[in-house]
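What follows is a single structure, written as structure tokens, with notes after it.
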Amino acid sequence: LKMRGLNRPTIRERVENALEQFSLQTLRRRTPDRLSGGERRRVGLARLLVHEPRLWLLDEPFAGLDLPARRNGLGLLLEIHERHQAAMILVTHDQSEALAIGHRVGVMHRGRFEQIDTPDTVHRRPRTPWVADFLSPVPVNFFAGVCEAVGPGWQFRESAVVDSAAPLTVALPAGLEPPTSKPGTRMALALRADHLSALDEGSGSSGDCSLRVDWVEPCAGGWLIHGKRGGRVLVAHRSADLARPARGADVTCRADWQH
């Protein structure tokens with residue numbers, strides 16, 4: 001700051017402001033070797049702040065920090081952005097970080113952008129199967145088939161079925177349309193595990209599919225049921241209101257867009 005020609009009062013004001021914003025007042029006399037990983041990252045951000053840059057380039061700024069520290073850091077970045085109106089480019093492997101604070105999200109795969117859009121769009125309408133799987137907090141199931149117009153809406157009908165498994169039929173929710181309206185066009189339907197409900201065997205209806213349980217993973221609101229159907233792996237969500245199925249049991253799976 002001295003080399004930039006700033007006077008002492010201005011330097012003191014900027015330093016004190018940065019220390020306060022990143023809660024570093026009590027650490028001002030500590031040497032770097034006496035700082036924790038989280039404290040060092042906050043110091044690095046504070047050093048950026050005193051220069052008041054118009055563009056921030058942040059490469060994994062919260063990597064290796066525990067969850068509370070990451071949340072606090074994200075909150076600080078949002079506050080800095082709103083207060084100083086600085087543009088920020090954040091590079092991260094944490095999908096939740098990107099979706100939580102980004103105005104625009106670019107998803108890269110093998111050095112190329114697969115999709116650039118708003119967080120809500122890339123999350124709800126991923127352009128490729130890879131983006132759908134990468135951004136989902138739970139496993140994603142992919143079904144090959146065709147879309148058919150049914151009344152005012154659309155219906156997906158699975159076509160690639162093996163081992164005599166019954167094809168899955170899914171009524172698409174209002175507002176969700178296939179990428180093309182040409183009849184018979186083959187496409188893939190991505191169903192997150194929390195959009196595929198595992199019910200008791202025998203409680204299904206036409207268009208549902210069956211899943212044989214391999215193992216069960218506890219999750220919020222119930223369980224994730226990992227199993228096989230027609231020789232391929234599927235993962236479905238089962239409500240905590242229903243009994244936990246045993247290994248080898250059969251459950252009925254149905255598309256459920258309410259989660």
Side-chain angles (χ1 to χ4, degrees), residues 21-22 37-38 41-42 44-49 51-144 147 154 156 170 172-180 187-196 219-221 224 235 237 255-259:
Q21 286 201 40
F22 289 96
R41 292 183 185 276
R42 282 189 284 150
L45 293 174
R47 292 177 65 184
L48 275 177
L49 181 61
H51 292 286
E52 298 184 353
R54 296 175 61 186
L55 174 64
W56 291 50
L57 178 58
L58 306 166
D59 187 3
E60 301 278 4
F62 308 117
L65 301 184
D66 56 34
L67 186 56
R70 291 203 304 271
R71 287 173 174 165
N72 290 337
L74 290 175
L76 283 172
L77 283 185
L78 286 173
E79 183 178 338
I80 291 171
H81 172 74
E82 292 177 356
R83 182 176 298 181
H84 299 277
Q85 294 298 302
M88 294 184 177
I89 299 176
L90 173 68
V91 180
T92 178
H93 284 83
D94 188 322
Q95 299 90 324
S96 61
E97 283 185 9
L99 295 175
I101 70 171
H103 294 98
R104 302 278 291 179
V105 175
V107 186
M108 295 193 72
H109 180 46
R110 295 181 178 178
R112 301 183 65 180
F113 281 109
E114 293 263 332
Q115 185 172 355
I116 302 175
D117 218 311
T118 64
D120 191 57
T121 299
V122 296
H123 179 62
R124 296 181 179 275
R125 299 185 68 90
R127 186 173 298 166
T128 66
W130 189 88
V131 173
D133 190 46
F134 180 72
L135 290 182
S136 176
V138 295
V140 178
N141 305 291
F142 295 96
F143 301 89
C147 273
W154 292 88
F156 174 87
V170 179
L172 302 186
L176 181 61
E177 298 180 353
T180 176
M187 57 191 67
L189 175 68
L191 273 181
R192 298 188 329 198
D194 54 358
H195 286 162
L196 190 64
C219 69
L224 290 179
V235 184
H237 179 271
D256 182 359
W257 304 100
Q258 300 305 313
H259 291 289

Would you say the side chain of [Y] lies within less than 4.5 Å of the side chain of [X], judging by non-hydrogen atoms?
| X | Y | value |
| --- | --- | --- |
| Leu135 | Pro126 | no |
| Glu114 | Arg127 | no |
| Leu58 | Leu77 | yes |
| Leu90 | Met88 | no |
| Arg83 | Gln21 | yes |

Looking only at atom types and distance, does a side-chain atom of [X] sit under 3.5 Å from a main-chain N or O of [Y], one as donor and one as acceptor?
| X | Y | result |
| --- | --- | --- |
| Arg41 | Pro61 | yes |
| Arg70 | Phe62 | no |
| His237 | Ala193 | no |
| Gln115 | Arg125 | yes |
| Thr128 | Val131 | yes |
| Arg42 | Gly73 | no |
| Asn141 | Leu191 | yes |
| Gln95 | Phe134 | yes |
| Gln85 | Glu82 | yes |

- Candidate pair Asp94 and Thr92, rule side chain to side chain donor-acceptor pair (under 3.5 Å), full reasoning: CA-CA 5 Å; Asp94 188 322; Thr92 178; 5.4 Å; no

Of all heavy-atom pairs between [X] and [Y], which one has the smallest distance, and what is that distance?
| X | Y | answer |
| --- | --- | --- |
| Phe156 | Phe143 | CZ-O, 3.4 Å |
| Thr118 | Thr121 | OG1-OG1, 2.8 Å |
| Trp56 | Leu45 | CH2-O, 3.9 Å |
| Val140 | Ala132 | CG2-O, 3.6 Å |
| Ala190 | Phe142 | CB-CE2, 3.6 Å |
| Ala86 | His81 | O-ND1, 2.7 Å |

_Whether His109 and Trp130 hold their rings parallel, tilted or perpendicular, with breakpoints at 30° and 60°_ =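 Parallel, since the angle between the ring planes stays under 30°.
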
message: For Arg104, I'd like to know if atom CZ has over 12 heavy atoms of other residues, nucleotides or ligands within 6.0 Å.
response: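 Atom CZ in Arg104 is crowded, with more than 12 foreign heavy atoms closer than 6.0 Å.
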
| query | Just how far is it from atom CD of Glu79 to atom CG of Leu74, taken to the nearest 0.5 Å? | reply |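 Going from CD on Glu79 over to CG on Leu74, the span is 13.0 Å.
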
To the closest 0.5 Å, what do you measure between CG (Leu78) and CD1 (Ile101)?
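So the gap between those two atoms works out to 5.5 Å.
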
Of Val107, Val122, Val105, the residue whose pairing with Asp117 passes side-chain contact (heavy atoms from CB on, under 4.5 Å):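 Passing option: Val122.
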
